[in-house]
Amino acid sequence: MSDIADASVLRASGLRKEYGKGAGMVRAVDGVDLDVAGGETVAVMGPSGCGKSTLLHLLGGLDRPSDGEVWLAGRRIDRIGEKALARMRRTAVGFVFQAFHLMDELTAVENVELSALLAGRSPRTARRRAVDLLERVGLADRAGFLPSALSGGQRQRVAIARALSNEPTVVLADEPTGNLDSAATLEVLRLFESLHEAGQTLLIVTHDSRIAATADRLISMRDGAFVDETRLTGGTSGQLGALAGLEG
Amino acid sequence: MGRALLVFRLATRDLRRRPVEAALLLVVILAATATLTIGLVLRQAAADPYQSTREAIAGPDVVASISPPLSGGQPADRGELLDMADATGVVAHSGPYPIIDAKLAANGRTVDVEAEGRDTGTVRVDQPKVVEGSWVRDGGVVIEAALADALGVGPGDQVSLDGHSFRVAGVAVTAASVPYPEATVYTPPDIPTGTAQLPPPPEDLGLVWLTEPDVSSLAGRADSLSYVMNLKLADPAAASKFVANYAPADTPAGAGGSGPAMGTIATWQEIRDNASLLVRNEQRALVTGGWLLGLLAVASIAVLVGGRMADQTRRVGLLKAVGGTPGLVAAVLLAEYVVVAIVAAAAGLALGWRLSPLLTDPSAGLIGGAGTPSLSLATIGIVTAVAVGVAVLATFVPAVRAARTSTVLALADAARLPRRTAWLIAISARLPAPLLLALRVAGRRPRRMVLSIVSVAVAVSGIVTALAANAELNASRFASSSGLNDVRTERLGHVLLVICTMLIVLAAVNAIVSTWASVLDARYASALARALGLTPQQVSSGLAAAQVLPALVGAILGIPGGLALISAVDPDSTTYPPLWQLLAVVPGTVLVVAALTTIPARIGARRSVAGILQAEHA
């Protein structure tokens, strides 16, 4: 089991997100309370359409809640202005998306350095950091490749490297293996494991139980609300593939 | 038949699905075709009314005049004119009529005129057609229509000729002289004592008719009268041949001694051509403006179609999935724009035809000019071909691309891959975040960037040309002797204003459309940039800057483009816009484009990040 810091880096209370009005109103997130400690890996599982992605967007400041509070790195973010929210995303959050969301016209290394450049880092610093991260995700030899020349797993590893570019407080991953085959899923799982061991706080939204099994804590979600929470003891180190059912 | 009906039905349904874009397309093509129509209609605008006038007044085939010798003391030799009337080929004549130069004053303004003495009765050749009031009578002057219009006088008004008071009996038109301000000079100029050179003819010259006794009375001395005679030939087409036999003695040997008599002789074709010169500049400006607007229309349509295609990928996939062949897909897309182009061409032709009389005003002094310029089949053909050609040119590449798109990819609504421009990406890495985004957004679609540059360059070229024409107009206003508003100057000023306004409006539409297409195309990149920490302001600044950068390049290119256009349109032109105007065009253009693109860029930057990123993988 990994070490989990006591301090909470991501917290939500009474979080709600509603769409529409009156009879047509849909409650995508319905009164969620969450507390993620520094270095913890939390998996949120549930069927498609249960509100997992919406929750992730609310926690990362990509969307505004209808009600409730979100605290990130000790600061309440559900009421701050767009500019402050953007600054918060730049420094405290790294996103990993199911569809990778890489820029098609940029090479792997250019994609990774993009968030550092947008954060105002010098081109040299951003490039050095990107090269280091690509090495860390095992893609140093693919740095000059366009996304179209990479496999799905490789693309997602580039996306993870990009998410780490600004050394975020928390990485929020939305179905990170949803578009990947088994082999690619294993690549990504191994990467998350190494991040976990390095003390990176991770919140992974997934409907894949194999991913969920690698977390410190598993939260089940249904119809916008948390319905179950399990602390996974015993850890995953060294048994990741078998535990996830990807290795014989 | 069934296939054509299907194509037509699919095309019209899609147009109805996006009425705003269809309306924009219509406006863009309509503006270009209307301007082109006016330009082409003006080509005949002078010739047709002249012909009508010539028929109405039994216009002469040849007009000849004789003046007294410059040395003075001797009357003009009317015998020379009378001999001409007896020449072979002449079937009728009127005159010789006495004519003198005079100063006409009315409404506080004074203009040089030729005052021609006429019978109170009608004649067989060149009987000016009275369009208001009545024909000449003692003490009553008839004023040529263009001059009357410029002076603002009509029947019953009081005017003065060389200080003598006359009442305006009527207003008339003639085909024997070019209308004001280019009336034919028949009388010898006053040569200042001690000079040996002829002074230049007046800048503005009009024509009035009086009774012969009134002209004699104005002249004071018989030896100061010139004479003009109108001849009708058996073969009007052979007027030039007839005139070649009579070399006019229009160059004085000297101002002092006993020089030869002065005279002029002109064919009806020469008079007609000179009359058409009155609208030459407008015609030139409008045809040039029409082509410039046509170019802008191509750029606008290409951007619009490109933007629509981005939204139509899925529709193309559906068409193919239900059995549509690539040819059918291309035909549907082409048909959509060709239908719009044909409607716009028809509307542009009608609008141009209706507007052209405003620029070929009857004040040009010819009848038949008011509202009835002809719309020839050639004009209809050219305008329609340009409109359809513009639509096909702009639609062809996207249509072929859509036809070739894989059905599976199209059904997945896969966005067209953006272009990678490595050097632009490398340069942008060194720039602040909004400029980084701007360069990369612009670089993703180089074709659109080129179209934006061309669009701005065309508009700026047109503006530079108009500024040059305006500078020339100002110079001619300054040089005008009468102080009257020159009809041509006024009209050309209006034409330039209309063209400039249309160029600016079309370029503005283009900038907005291009920005919106970029906003749509870069919605995913913008959302990602915001997810990675850019503020909405930074994103909107980046999207606006993505339009401003090509605008800057276009504005800079537009200045030499405009100067080249001036040389091409008028190789003799030596007037260029003042330097400060040329320098102001660049920042002015950039500011206007920045202002125009701000709103669509802000809308684009404020869209829901989560919604866009979700939609991308939905």
Side-chain angles (χ1 to χ4, degrees), chain A residues 17 19 28 53-54 56-58 60-64 81-95 97-107 110-111 113-124 126-127 144 146-148 159 162-163 165-166 168 172 174-175 178-179, chain B residues 412 414-437 439-446 521-542 602 605-618:
Chain A
K17 180 67 181 178
Y19 296 104
S53 295
T54 306
L56 201 80
H57 294 150
L58 295 175
L62 285 183
D63 209 350
R64 299 273 187 181
E82 277 297 330
K83 201 178 264 184
L85 204 55
R87 213 173 293 128
M88 179 65 79
R89 282 197 299 267
R90 204 181 299 163
T91 55
V93 186
F95 284 102
F97 301 98
Q98 178 182 351
F100 322 130
H101 289 322
L102 297 177
M103 303 293 284
D104 295 314
E105 74 274 27
L106 301 184
T107 60
E110 286 166 348
N111 265 293
E113 73 181 3
L114 180 63
S115 41
L117 290 172
L118 294 179
R121 296 212 163 74
S122 74
R124 187 172 296 181
R127 178 56 62 98
L146 289 172
S148 55
R162 182 183 62 193
S165 181
N166 289 332
L172 303 175
D174 187 2
E175 303 279 11
N179 280 0
Chain B
R416 191 162 53 89
L417 279 182
R419 183 74 64 89
R420 172 180 166 80
T421 315
W423 62 270
L424 212 57
I425 290 167
I427 289 173
S428 64
R430 299 172 188 283
L431 299 174
L435 282 177
L436 180 150
L437 184 66
L439 272 188
R440 292 189 178 184
V441 165
R444 283 161 66 92
R445 301 290 181 221
D521 187 50
R523 62 188 184 276
Y524 157 62
S526 307
L528 187 62
R530 283 188 61 200
L532 295 178
L534 280 200
T535 64
Q537 286 84 357
Q538 286 177 309
V539 172
S540 66
S541 301
R602 279 175 76 97
R606 289 185 181 277
R607 288 178 155 195
S608 160
V609 176
I612 293 170
L613 293 179
Q614 285 277 76
E616 282 296 322
H617 75 180

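Throughout, a chain's letter reflects where its sequence line sits, starting with A, and its residues are numbered from 1. The figures here come from the full heavy-atom set of this structure, side chains too, leaving out hydrogens, waters and symmetry mates.
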Would you say that [X] contacts [Y] through its side chain, given a criterion of any heavy-atom pair below 4.5 Å between the two side chains?
X: Leu106(A); Y: Glu113(A); value: no
X: Arg607(B); Y: Arg530(B); value: no
X: Glu105(A); Y: Leu146(A); value: no

Which residue out of [options] racks up the most heavy-atom pairs below 4.5 Å with chain B?
options: Gly120(A), Ser115(A), Gly61(A), Gly94(A); result: Ser115(A)
options: Leu62(A), Asn166(A), Leu56(A); result: Leu62(A)
options: Glu82(A), Arg87(A), Arg127(A); result: Glu82(A)

Side chain, backbone, both or neither: which part of [X] has a heavy atom under 4.5 Å from chain B?
X: Leu58(A); result: neither
X: Arg124(A); result: neither
X: Ser148(A); result: neither

TODO: Answer yes or no: is there a donor N or O on one side and an acceptor on the other, between the side chain of Asp174(A) and the main chain of Ser53(A), under 3.5 Å?
DONE: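 No, the answer is negative, given that no donor and acceptor are paired below the 3.5 Å cut-off.
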TODO: Against chain A, label Leu534(B) side chain, backbone, both or neither, depending on which of its atoms sit under 4.5 Å from a heavy atom there.
DONE: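 Answer is both: backbone and side chain atoms of Leu534(B) are under 4.5 Å from chain A.
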Open item on the list: Between Ala529(B) and chain A, with a heavy-atom cut-off of 4.5 Å, which part of the residue counts as in contact: side chain, backbone, both or neither?
Closed with: both
TODO: Can you measure from CD (Gln538(B)) to CG (Leu435(B)) and round to the nearest 0.5 angstrom?
DONE: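 These two atoms lie 11.0 Å from each other.
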Open item on the list: One thing to verify: whether Glu110(A) and Arg420(B) come together as a salt bridge, which I'm taking to mean a side-chain N less than 4.0 angstrom from a carboxylate O.
Closed with: yes
